[in-house]
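Order of listing sets the numbers, starting from 1, for every ligand and every atom in it.
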Amino acid sequence: MHINQLKIQLQRHQKQLEECTLCPQMFGPPIHGLAVESKVILIGQAPGFKEIEVLRPFAWTAGKKLFSWFEDIGMNENQFRKSIYMSAICRCYPGKKIVSTKTEHAKKKKAHGDRVPDKNEIKQCSQWLHSEIELLKPELLILVGKLAINQFMPVKKLDEVIGQVHHININNHQCDAIPLPHPSGASTWPLTEPGKTLLKQAMALINKHPSWKNLK
Ligand code: SF4
């Protein structure tokens, strides 16, 4: 596909995405990155409430950590946003997780972290991601966090999949996938061993992947 034609198709796709209201429990608007004609797609989990406010993926604390990892391999946030297509498993904010607690105020409900999107929401939103894969025909997917990784390969423990390149097939499209942990402060996995070393290995693999080298 001609490059300008591809850009127009991506922009049209994003306009349609912005109007999606399929999931009644999700908070919109749907969030997406720039319409970048890239052979590398980053796939996150779902935006947080700050991303919904500023209309940009990875716009808050988790984003700062994520972009610091890429800065370590020579690409700053600005370059990243202009060079890599930023996608996600769900494009709307799932809202807070409600947890019942047994305190002296038994059965009191307490907001605790963000809700994990349910199977139906993941399935409904996957149409957007699959269209992006069909349009861009990526050579590399960077999967951020267990929920994103799980959509492409079974994962019980992050140790089993991070630090490796996985060859995957999505609707007859072959490409590589390099998983990363979620950069939110809630996870200590990247800060302790073996996570620390495996994260370094994963970033080194991204840095030497041919599609990443072609971005620069
Ligand atoms: S999560 Fe995805 S499918 Fe659901 S309303 Fe938002 S954009 Fe649409």
For atom 4 (Fe) of ligand 1, which protein heavy atom lies nearest, and how many Å away is it?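 Atom 4 (Fe) of ligand 1 sits closest to the protein heavy atom Cys23 SG, 2.3 Å.
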Fit a plane to each ring of Phe58 and Phe67, take the angle between them on a 0 to 90° scale, and name the class: parallel (under 30°), tilted (30 to 60°) or perpendicular (over 60°). perpendicular
Please state which option from Cys92, Pro117, Ala46 has its nearest heavy atom closest to atom 6 (Fe) of ligand 1. Cys92
Under 3.5 Å, is there a donor-acceptor pair between the side chain of Gln79 and the main chain of Glu71?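 Answer holds: no.
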From atom 8 (Fe) of ligand 1 out to just under 2.8 Å, does an N/O/S atom of Cys20 turn up? yes
Which atoms of ligand 1 sit under 4.0 Å from any heavy atom of Pro30? 7 (S)
If we count only N and O atoms by modelled type, under 3.5 Å, do the side chains of [X] and [Y] hold a donor and an acceptor together?
X      : Y      : answer
Glu134 : His173 : no
Thr197 : Gln201 : no
Tyr85  : Glu132 : yes

Tell me whether Cys125 has at least one N, O or S atom under 2.8 Å from atom 4 (Fe) of ligand 1.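 Within the cut-off used here (under 2.8 Å), Cys125 places no N, O or S atom near atom 4 (Fe) of ligand 1.
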